[in-house]
Amino acid sequence: MASSASTLVIGSSSGIGFSIAQRLRTRGDSIVELASTLDLTNAEAVGESLRSLVGSGTVDYVVLAAIDPSAFRSAPIVSLTESEWDQAAEYSMRSAFVALQQAHGVLADGGRVILILPTVAATGVAGLVPLCTAVETIRVMAKAVARRWGARSITVNTIEVELGAFMLGDNEVGDTEVPVVPVLGQPALPPASAVDDVIGLIDMLATPAAGAITGALLVADRGTVMQP
Amino acid sequence: MSGLPGLMEGRVVLVTGAAAGVGRGVAAAFGSAGAIVGIGVRRPEAAEESAAAVAAAGGTPVILRCDVTDAAQSADAIEQLVRDFGRLDAVVHNAVSGRSSEATDFENTTLDEWEDHASVTVRATWRLAVQAYPHLQKSQGAYLLMSSPAGIEGSERAPFYSAVKAAQRGFVRALAREWGPDHIRVNSVAPLAISPALENMKILEPERVKRIEGLVPLGRLGDPETDIGPPSVFLCSDEARYVTGQTLVVSGGRFTSL
């Protein structure tokens, strides 16, 4: 990314969003982050926060990696109360809408929006119905806004990583319970840092050469799923 | 008469949003397959034509008050079918928000509009599943969601509609895995069909409808009963016993890369 450009990272309080923000900051990129205490479904608060961070300026890149942690708890849907379903599935959908809508207001023409999501929805995972539902919703919401914002030369793309990488970023597993996602075999490529993989793709999408890529899904799981 | 005669003989099916359009057509197709069809509607007085269509096709219609945003109503509708007919073999969730054909101004709208879509298409998808689960487990039945091609490719004009329809596809894939051990199958259909909104468009913007039809290799929009109904019945029947977690795009070839 151009060093003078600024990047808004939403969802930078934990997991891969935290690691991406940290990595970009370390290498000297100009980063704008929302407070971790901000309710991402509160459009007014998110909008006000962005205006105070950006002032009269704009941001060139938006990285959105925000899934509510309750979505990572494995449970059969019949065991969920309505409020548990709402928090695990619908809260993240509302967050994505508000984040995209409010980010649009501070995004420069020609800007790049990159959503980071876990790969779970491609195959579906028992016990993670709310998460799979939310991820597919957000992925297609991204496509819809890619169509809407194309006239301003804004691109909107999605990068998917393995669930563990999404939840942890650069962090060790520690006490975090990462649900098991059934996949056939091991990744085709040798293990490496998923954060490095994602940063590489973000940088690629930020180049002028990637200006024609929008509404796309890039799966950075080192060849684990290989979606049809 | 259309559909798959006898394929659902004696089976009990609930179709939500069955007062008109695709819901009515699918209900009628289940009727032609011999099913007892619960016609789930918000206003029972608006369901007479659907009931007549099911009966004319050879099925047994049962009009049920079933606003799917009301947990008690959907629970009662399911319980009434089980009480009166002893079983529930399939639930087809077709209902959508009354605003589903409206354009959404994504950049300026509020969460209230999102809620209109999500309450019907996302939350009710979950709630109907939970409410129907013990009965579908007993019958080793099927849960079918009427999704949309918009839920796969994203819609500039209808970003909320396309997003909530995508939600159903993610839901289907995951729940198919979760309910597989119970032998309950979970699928969706993504139809391109004549709807009340398109009927209006035919009058107000006939050229736009012609343009849409021109993109369909088979040269026309689908008929809810004869084009969308039979694949929906098939997916809920024993003939699809090894099909789960899938979205069947029924679009006359309009969408070939989804």
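Atoms considered below: every heavy atom in the structure, side chains included; atoms not considered: hydrogens, waters and symmetry mates. Just so it is clear: chains get the letters A, B, ... in the order the sequence lines come, proteins before strands, and each one is counted from 1. Just so you know, these numbers come straight off a predicted model, no measurement behind them.
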Contacts of A/Phe97 meeting ring-ring contact (aromatic ring centres under 6.0 Å, His included) (sequence neighbours excluded), chain-then-number -> B/Phe106, B/Phe160

Given heavy-atom pairs under 4.5 angstrom as the criterion, report whether the side chain, backbone, both or neither of A/Thr81 touches chain B.
backbone

Pairs of heavy atoms under 4.5 Å with chain A: top-ranked of B/Val130, B/Leu111, B/Thr125
B/Leu111

Taking heavy atoms only and a threshold strictly under 4.5 Å, list by residue number the residues of residues 170-182 of chain B that touch chain A; give 'none' if the list is empty.
B/Gly170, B/Phe171, B/Arg173, B/Ala174, B/Leu175, B/Arg177, B/Glu178, B/Trp179

Interface moiety of A/Ala122 toward chain B, non-hydrogen atoms closer than 4.5 Å:
backbone

Are the side chain of A/Arg147 and the backbone of B/Gly154 linked by a donor-acceptor contact shorter than 3.5 Å?
yes

Contact winner vs chain B - A/Ala126, A/Ala96, A/Pro130, heavy-atom pairs under 4.5 Å
A/Ala126

What distance separates B/Gln168 CD from A/Thr137 OG1, expressed to the nearest 0.5 Å?
9.5 Å

Sort A/Gln102 into side chain, backbone, both or neither according to what part of it lies under 4.5 angstrom from a heavy atom of chain B.
neither

Just so I understand: if I count every heavy-atom pair under 4.5 Å between each of A/Leu128, A/Val78, A/Asp86 and chain B, which residue has the most?
A/Val78

Considering only heavy atoms, which portion of A/Val135 lies under 4.5 Å from any heavy atom of chain B: side chain, backbone, both, or neither?
neither

Could you tell me which portion of B/Ser162 (side chain, backbone, both or neither) has an atom closer than 4.5 angstrom to a non-hydrogen atom of chain A?
both

Taking atom CZ as the centre, does B/Arg42 end up with more than 12 heavy-atom neighbours from other residues, nucleotides or ligands that are less than 6.0 angstrom away?
no

Looking at side-chain heavy atoms only, is the closest gap between A/Gln101 and B/Thr110 below 4.5 Å?
no

Any residues in residues 114-122 of chain B near chain A, with a heavy-atom distance under 4.5 Å, and which are they?
B/Trp114, B/Ala118, B/Val122

Heavy-atom pair count under 4.5 Å with chain B, highest-scoring of A/Met141, A/Glu90, A/Arg94:
A/Glu90

At a heavy-atom separation under 4.5 Å, does A/Val120 approach chain B through its side chain, its backbone, both, or neither?
neither

Would you mind telling me which of A/Gly127, A/Gly150, A/Ala43 has the largest number of heavy-atom pairs within less than 4.5 Å of chain B?
A/Gly127

Contact origin within A/Ser79 toward chain B - heavy atom pairs under 4.5 Å:
neither

Rounded to the nearest 0.5 Å, how far apart are CD of B/Glu107 and CG of A/Leu100?
10.0 Å

Do any of residues 67-94 of chain B have a heavy atom less than 4.5 Å from a heavy atom of chain A, and if so, which, in residue order?
none

Here the gap from B/Ser155 atom OG to A/Arg148 atom CZ, rounded to the nearest 0.5 Å, amounts to 8.5 Å

